Amino acid sequence: MSGKALGLAVVALYFAAVVVVGHLSNRMLRRNREDFFLASRSFGVALLFFAVLGTNLSAFAMLGAPGAAYRYGVGVYGMVAAGLSITFPLLFYFVGHRVWLLGKRYGYSTPVQMFADRFESPTVGVVVFVVMVAYTIPYVVIGQIGSGLALSGATDGAIPYWAGSLAVTVVVGLYVAQGGMRATALTNAVQVLVFMAFLVTAAVLVPPALGGADELGRELVERRPDLLRRSAHVQTSPIAWIMQVFTFSAAMMCFPQIFVRMLAARSGRVIRNMAVLYPLGFLLTFLPAISLAVWGSVAVPGLDGQGADNVIIVLMQRFMPAALAGFALAALFAMIMSTMDAQVLALSHLFTTDIADRLLRGRVAGDELGVKVGRWFVAVVLAVGFGVSLVPNQSIFDVANFAFTGFGVVFPVLVGMLYSRRLNKQAALAGLVTGSVLAPLAYFGVLDLGPLPSLPVVAIETVVMIAVAATTRPQPDAADRFVGFLRSTFARGRTRAVGPEIVPTGLTGTGLEA
Amino acid sequence: MPRSRPLAYALLAALLVAAFDVWNWERIEPLLFGWMPVGLWWQVLVTMLAVPVMAYLFWVLWPDDVDDAWAAPAPRDGKEE
């Protein structure tokens, strides 16, 4: 068997494995919408960890970030791994846990429901829906682009770009439509283990093949010392570090797929334990990925554009046995698909619950029809993404930054929803519209807010929200149900051991105050 | 070990300062394992330290026992019984 055929066989084996996992999870499906989209809110620590990590680590982790490290050096690790190892767990506490509490308390299953209810405004829900869908679809397309590039690159064009994109689209469609949320979480566990195993194995085997770590160090110091110095490039400078960490952090909890995964947790304790373990996931992924890319800068110099994004695959093909190159492709597909499946399912969830169910006046809820409609939406979203992926695009790092900037628009309203009694419908709408207009204008350079405009956009949006909230009437009942409930809950937790218990407003007589 | 909020916040602040290690931005030496510059291995250290710091922070801030009771489903019309 030739090297390429062996590599493709490894990939085919991986595809078959995830489809089988999807099929097995189909047998566990209870044929209702809550189970299909939220796995009946049953995730434990391990499943939530794999589901959230797999969803967060997209093609960006194996193509975009290494491509950036190949060009700009080790500073990329600090931006995408170290900084986020602190901010992401904090976000799981300050936002994720509270979202879970509200979801459990009031039965929300989508972010749109939560926003619309907090601000007593279907219009706010519609705007959140539009923003989430508009920026998730480009991110789905990133996966399809990455798949097409990887398969066509690995076979020197024997498998054309469109066929690679189509293959992954079909496989993801098969297992997501079969098992819904449970299928995506179980396959995410397989996928995370596959790509971590590959990256760690490659990071151990590559240095000896390139003359050893000491020799690599000498070559890097002589030929590319800039890549070893964090502030040698403007893209990894301290200000870029702050902007990039903010951009990723603000967007993360606004991804519908992450938001919904918080709702699928069995308890708040599960989210807490997952948050503590989370930095290890980043360490085991980004340290080997960034190291391989930096080594690639001296081993395979001269790659540019999408070629630089492909540096890990190129290293494997040139210096490693064919089976490991095939393993690299499988790992890449694992990363791509672990994000794509969650995004596609989340979009299908939003379309089914927030659009179809409303249009059909609740007839989609709770029965097999809901699952059927959800499956159809999975197919529609994937088909649209595949069509868009056929149009030539920018590098994956750029597309990711565009999507992250857009998701950041929801962040100030999300924080206000959880923490501010004063924020009302008018302020939320003014903020969302301001951000939605500014983000694309700034990103495409029509408005000059710097190279990473997420922080300025969020700042302007926040000022607008505060100004509008200060001049319009608050919504005390809705604020009580959200902010009052959360404050009382945490006050109770704090005082339990040392003082009298505090009963939340509106909860007297429920038995919970005892 | 005491559940101390000031200690938890101090550890978090120290971790944030360590992550934004301005003193390492221009440096390459000392290299670890022959090739890894200080700007990378320091950040790796920060990532590893994030685990125990978060564990302590959440042990202090994140109540263990409120979730289940207080997240009991509310009546559909939003009014309490």
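Being a predicted model, the structure only gives us computed values, none of them experimental. Letters go in sequence order (proteins before strands), and every chain restarts at 1.
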If you tally heavy-atom pairs under 4.5 Å between each of B:Glu26, B:Met36, B:Met48 and chain A, the highest tally belongs to B:Glu26
Quiz item: Would you call A:Leu90 and B:Leu12 a side-chain contact if the rule is heavy atoms closer than 4.5 Å?
Solution: yes
Here the gap from A:Tyr93 atom OH to B:Phe58 atom CZ, rounded to the nearest 0.5 Å, amounts to 8.0 Å
Looking only at heavy atoms, the pair that brings B:Phe33 and A:Ala213 closest together is O-CB, 3.3 Å
So, the part of B:Leu31 with a heavy atom under 4.5 Å from chain A: the answer is side chain
Bottom line for B:Leu57: the part with an atom under 4.5 Å from chain A's heavy atoms is side chain
Query raised in the report: Below 4.5 Å, heavy atoms only, C-beta onward: do A:Arg230 and B:Asp21 meet side chain to side chain?
Result: yes
Against chain B, residues from residues 275-284 of chain A with at least one heavy atom under 4.5 Å, in numeric order, are A:Ala275, A:Val276, A:Pro279, A:Leu280, A:Leu283
Turns out that what part of B:Val46 lies under 4.5 Å from chain A's heavy atoms comes down to side chain
- Task: State, yes or no, whether a side-chain contact exists between B:Pro37 and A:Arg229 at a heavy-atom distance under 4.5 Å.
- Result: no
Turns out that what part of A:Leu486 lies under 4.5 Å from chain B's heavy atoms comes down to neither
Honestly, the part of A:Thr87 sitting under 4.5 Å from a heavy atom of chain B is neither
Smallest heavy-atom separation, A:Trp241 atom then B:Ala19 atom, equals CZ2-O, 3.7 Å
Review point. Is there a side-chain contact between B:Leu40 and A:Leu287, using heavy atoms and a 4.5 Å cut-off?
Key: yes
Heaviest contributor of heavy-atom pairs below 4.5 Å to chain A, chosen from B:Gly34, B:Pro52, B:Ala55, B:Ala50, is B:Gly34
Interface check, chain B: of A:Asn273, A:Asp214, A:Ile242, A:Leu228, most non-hydrogen pairs under 4.5 Å belong to A:Leu228
Heaviest contributor of heavy-atom pairs below 4.5 Å to chain B, chosen from A:Gly217, A:Ser231, A:Ser85, is A:Ser231
*Decide yes or no for A:Phe286 and B:Thr47: does some side-chain heavy atom of the first lie under 4.5 Å from some side-chain heavy atom of the second?*
no
Most heavy-atom pairs under 4.5 Å with chain B, out of A:Gly103, A:Gly83, A:Pro238, belong to A:Pro238
Honestly, the part of A:Pro207 sitting under 4.5 Å from a heavy atom of chain B is neither
Taken to the nearest 0.5 Å, the spacing of B:Trp62 CH2 from A:Arg269 CZ works out to 11.5 Å
Q) Considering only heavy atoms from C-beta outward, does the side chain of A:Ile86 approach that of B:Val53 to under 4.5 Å? A) no
If one checks every heavy atom of A:Val221 against chain B at 4.5 Å, the contacting part turns out to be side chain
